[in-house]
Amino acid sequence: MLNKIWPFFIIISFIFALLTGNINNFNNSIFDSCTQAVDLIIKLFGTMCLWNGLMKIVQKSSLINKLSNMISPLMKFLFPKMNKGDKEYKEITINIIANLLGIGNAATPLGLQAMKTMQEKNPNKDTITDSMAMFIVLNTASIQLIPTTVIAIRSSLGSQNPVAIIFPVWIATICAAIAGIFATKLFIKIGK
């Protein structure tokens, strides 16, 4: 859908610039936008590398077991049919930890791997399981204790106080997660 919307916007902008005599401004804005996009990517690249590297260390070390034990009561409530020794349990745990740290870039591949593992064990391939539904809701709500990507973007764009969003992010993501978990649990109960 976006591959149709963006070209439409570009064509409309070009026609408008042509009709109003602002073709030079149009050209300048294209090149300025490209430069800004590359600058932003370079600034975010370091943050992404740092957090992805830390998540790899967490995965390879015994730290994952300690963190897993810390959130195991929550995991038992959210995924009652899943055992702690299951492969998808570990993948979901790492994904939740990455989301808590606000590194969605590291969480996304972990989440996709967890969904793939759960789908392999799913007896009814055309219907998602209760655990898959809960996992989708958790990833959509994405509670973030440290919204590192947003802080990095705000910092790269010259914000005077890039961490000022932490408290509002906590409120928004916690409320979204509670509402999502409640609705999912309710629909799972109704569906049985």
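Just so you know, residue 1 is the first one in the sequence shown, and it goes up from there.
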- request: Indicate yes or no for a side-chain donor-acceptor contact from Asn122 to the backbone of Ile128 under 3.5 Å, with no hydrogens or angles considered.
  value: no

- prompt: Taking a hydrophobic cluster as the set of Ile, Leu, Val, Met, Phe, Trp and Tyr residues connected by side-chain heavy atoms closer than 4.5 Å, whether directly or through intermediates, do Ile178 and Ile143 fall within one such cluster?
  reply: yes

- request: Return yes when atom NZ of Lys125 has more than 12 non-hydrogen atoms of other residues, nucleotides or ligands closer than 6.0 Å, and no otherwise.
  value: yes

In residues 159-171, what donor-acceptor pairs under 3.5 Å come from side-chain atoms, sequence neighbours left out?
residue, atom, partner, partner atom, Å
Ser159, OG, Arg154, NH2, 3.2
Ser159, OG, Asn161, N, 3.3
Trp170, NE1, Leu145, O, 2.7

Flag side-chain contact, heavy atom, 4.5 Å: Ser131 against Tyr89: no

Same apolar cluster: Phe135 and Val137, side chain cutoff 4.5 Å: no

- line: d(Leu78 CG, Leu74 CG) to nearest 0.5 Å is 4.5 Å

Donor-acceptor list for residues 13-21 side chains, cut-off 3.5 Å, not counting sequence neighbours:
residue, atom, partner, partner atom, Å
Ser13, OG, Phe9, O, 2.8
Thr20, OG1, Phe16, O, 2.8
Thr20, OG1, Asn22, ND2, 3.2

Asn24 and Asn28: side chain donor to acceptor below 3.5 Å: no

query: Taking only residues two or more places apart in sequence or in another chain, which ones pass side chain to side chain donor-acceptor pair (under 3.5 Å) with Lys185?
result: none

field: Sub-4.5 Å side-chain heavy-atom contact between Thr93 and Asn95
entry: no

query: Between Asp126 and Asn124, does a side-chain contact (heavy atoms from CB on, under 4.5 Å) hold up when you go through it step by step?
result: CA-CA 6 Å; Asp126 61 342; Asn124 192 0; 2.4 Å; yes

field: Result of checking Glu88, Glu91, Lys90 against Thr117 for side-chain hydrogen bond (donor to acceptor under 3.5 Å, both in side chains)
entry: Glu91

message: Are more than 12 heavy atoms, taken from residues, nucleotides or ligands other than Lys116, located less than 6.0 Å from that residue's NZ atom?
response: no

- prompt: Below 4.5 Å, heavy atoms only, C-beta onward: do Thr129 and Lys81 meet side chain to side chain?
  reply: no

query: With the 4.5 Å side-chain cut-off for hydrophobic clustering, are Met82 and Leu112 part of the same group?
result: no

- request: Check whether any side-chain heavy atom of Lys87 lies under 4.5 Å from a side-chain heavy atom of Gln113, and answer yes or no.
  value: yes

task: Tell me whether Ile71 is reachable from Leu138 by hopping between hydrophobic residues (I, L, V, M, F, W, Y) whose side-chain heavy atoms are closer than 4.5 Å.
output: yes

- prompt: When clusters are formed by joining ILVMFWY residues with side-chain heavy atoms under 4.5 Å apart, either directly or through shared neighbours, do Phe79 and Ile181 land in the same one?
  reply: yes

- line: When every non-hydrogen atom of Ile92 is compared with those of Ala114, the smallest separation belongs to CG1-CB, 3.9 Å

